[in-house]
Structures are given as structure tokens and as C-alpha cells.
Amino acid sequence: MQFNVFDFLVIICGLYMAYCAVIMKTQGRINSGVVLSRNIDESQLKDKEGFIRFIWPKLLCIGLLCAASGIFNLAYSRYSEQNPDTYMMVEVIVNMGFLALLVIYMVIVTRAQKRFMK
């Protein structure tokens with residue numbers, strides 16, 4: 001059975017993104033390291049509530065999907081010895097899906113920042 005630390009990191013990052021989305025929705029706090037660029041401060045948003053309404057469901061969805069991709073890779077890794085070719089193909093597909101989620105996330109965050117900046 002193969003073991004991949006990367007899958008654990010993907011799960012942790014996905015769950016952290018989902019946690020930040022829930023905190024954003026419930027407490028109105030924006031974690032600047034997750035949804036804002038380094039050079040942008042929360043005070044530079046012209047409509048903080050609108051920003052939160054726009055981004056929190058997307059952040060929650062992408063975070064949960066990232067965690068699910070890591071969980072799937074961990075669960076599927078037990079089949080790696082039985083059929084290594086299929087395992088490799090599925091692992092590549094799931095990792096490409098994860099990469100696509102990250103690109104979509106970057107596009108959403110960039111759009112939100114452009115839309116809600118002063």
C-alpha cells in the first residue's frame with residue numbers, strides 16, 4: 001500500500017478553506033491569507049458584506065472538494081498494488097482535478113478582489 005503525504009496536505013488545506021468560509025459567514029471575519037492577496041488589507045474592501053456573500057459559498061465548495069480529492073486518493077491507494085496502471089491513471093485524474101480546483105479558486109478570488117476593492 002502506498003502512502004502519500006501530499007494527500008494529507010490536500011485534505012488539511014481543503015478543510016482549512018472550508019473552516020475559513022464558515023468563519024467568514026458566521027463571524028464576518030475574513031482570513032486575509034486565504035481570500036485576499038498579501039498586499040490587500042480587509043479595510044481596502046468597499047463592501048465587506050458583499051465580498052463575504054460573494055465568496056463564502058464558493059470557498060466552502062472548493063475547500064470541501066479539495067478535501068474530498070485527498071480523501072479519495074488516500075482511500076484508493078490501497079488498490080495500488082492490485083492494479084498499478086489503473087491506480088496511476090486515477091491518481092493523475094484526481095490530481096488534475098485538484099489542480100483545476102486551485103485554478104478556479106484563484107480566478108474566483110481575483111474576480112472578487114477586483115469587484116469589491118475601493
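Reckoned from all heavy atoms, side chains included, excluding hydrogens, waters and symmetry mates.
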Spacing of [X] atom [atom1] and [Y] atom [atom2] [to the nearest 0.5 Å]:
| X | Y | atom1 | atom2 | value |
| --- | --- | --- | --- | --- |
| L15 | C66 | CG | SG | 10.0 Å |
| W56 | C61 | CH2 | SG | 10.5 Å |
| F51 | R115 | CZ | CZ | 11.0 Å |
| I55 | L36 | CD1 | CG | 8.0 Å |
| F98 | L65 | CZ | CG | 11.0 Å |

Heavy-atom closest pair, residues [X] and [Y]:
| X | Y | value |
| --- | --- | --- |
| S69 | V10 | OG-CG1, 3.7 Å |
| K46 | M117 | CD-O, 3.5 Å |
| I52 | P57 | O-CD, 4.4 Å |
| I62 | M17 | CG2-CE, 3.7 Å |
| A67 | I11 | O-CG1, 3.7 Å |

Same cluster or not: are V22 and L64 linked, directly or through other Ile, Leu, Val, Met, Phe, Trp or Tyr residues, by side-chain heavy atoms under 4.5 angstrom apart? yes
- Should I104 and I93 be regarded as members of a common hydrophobic cluster, given that ILVMFWY residues are connected when their side-chain heavy atoms come within less than 4.5 Å of each other, either directly or indirectly? no
Residues pairing under salt bridge (Lys or Arg N to Asp or Glu O under 4.0 Å) where one sits in residues 48-63, two or more places apart or in two chains, turn out to be E42-K48
message = Using side chain to side chain contact (heavy atoms under 4.5 Å, CB included), reason through N95 and L99 one step at a time and then give a plain yes or no.
response = CA-CA 6 Å; N95 288 338; L99 181 63; over 6 Å; no
side-chain contact (heavy atoms from CB on, under 4.5 Å) filter on A68, not counting sequence neighbours, yields none
Specify whether F116 and F54 have parallel, tilted or perpendicular ring planes, treating 30° as the upper limit for parallel and 60° as the lower limit for perpendicular. tilted
Residue pairs meeting side chain to side chain donor-acceptor pair (under 3.5 Å), one or both in residues 9-23, sequence neighbours left out, come to Y16-N31
* Is any side-chain heavy atom of V35 less than 4.5 Å from a side-chain heavy atom of L59? -> yes
